[in-house]
Amino acid sequence: MEINLLLVLDLREQAALQAALVTHGAPDHLVTLALTGACRIPTLDEARRLRRWLADARAAGKTDFASLNVIERELIRFGV
């Protein structure tokens with residue numbers, strides 16, 4: 001199964017996301033999203049790992065960025 005997660009970030013959100021992800025050891029998919037504005041997730045397992053990281057980071061209070069919340073919501077809506 002292939003999942004294509006495509007989000008468009010404005011420059012301010014992208015800069016904030018870049019700074020946050022470097023300091024919090026984010027998964028490669030989020031780093032790619034922060035750097036290019038899009039990423040491709042090829043497997044359901046990778047999507048689940050991404051969602052788990054987002055949930056763990058949120059629970060630890062490390063993410064207060066709207067863009068990360070949107071990504072997590074969309075993964076949930078997709079059924080991950």
Side-chain angles (χ1 to χ4, degrees):
M1 172 184 229
E2 184 174 291
I3 300 168
N4 289 308
L5 172 63
L6 181 61
L7 296 174
V8 177
L9 304 174
D10 67 29
L11 292 177
R12 186 189 61 199
E13 287 176 323
Q14 194 170 353
L17 188 57
Q18 288 172 5
L21 296 182
V22 169
T23 59
H24 296 304
D28 290 344
H29 295 299
L30 283 182
V31 174
T32 300
L33 179 60
L35 294 175
T36 66
C39 73
R40 183 176 175 176
I41 302 173
T43 68
L44 193 53
D45 276 346
E46 289 180 80
R48 287 182 182 135
R49 282 193 300 271
L50 175 58
R51 173 144 187 271
R52 194 172 313 120
W53 184 89
L54 289 166
D56 291 346
R58 182 179 30 79
K62 294 181 180 178
T63 60
D64 57 352
F65 298 101
S67 55
L68 294 181
N69 295 332
V70 169
I71 295 167
E72 187 176 13
R73 269 195 313 269
E74 290 305 312
L75 287 170
I76 292 167
R77 195 176 95 184
F78 186 75
V80 174

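Position 1 is the first residue of the sequence, and the numbers go up from there. Everything numeric here is computed off the predicted structure, so don't read it as measured data.
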L50 versus P27, closest heavy-atom pair with distance | CD1-CG, 4.1 Å
Test side-chain contact (heavy atoms from CB on, under 4.5 Å) applied to F78 and I76, L75, V80, the passing residue = V80
Output the distance between atom CG (L54) and atom CZ (R49), rounded to the nearest 0.5 Å.
-> 13.0 Å
Tell me, please, which residues at least two apart from R48 pass salt bridge (charged side-chain N to carboxylate O under 4.0 Å, His left out).
-> D45
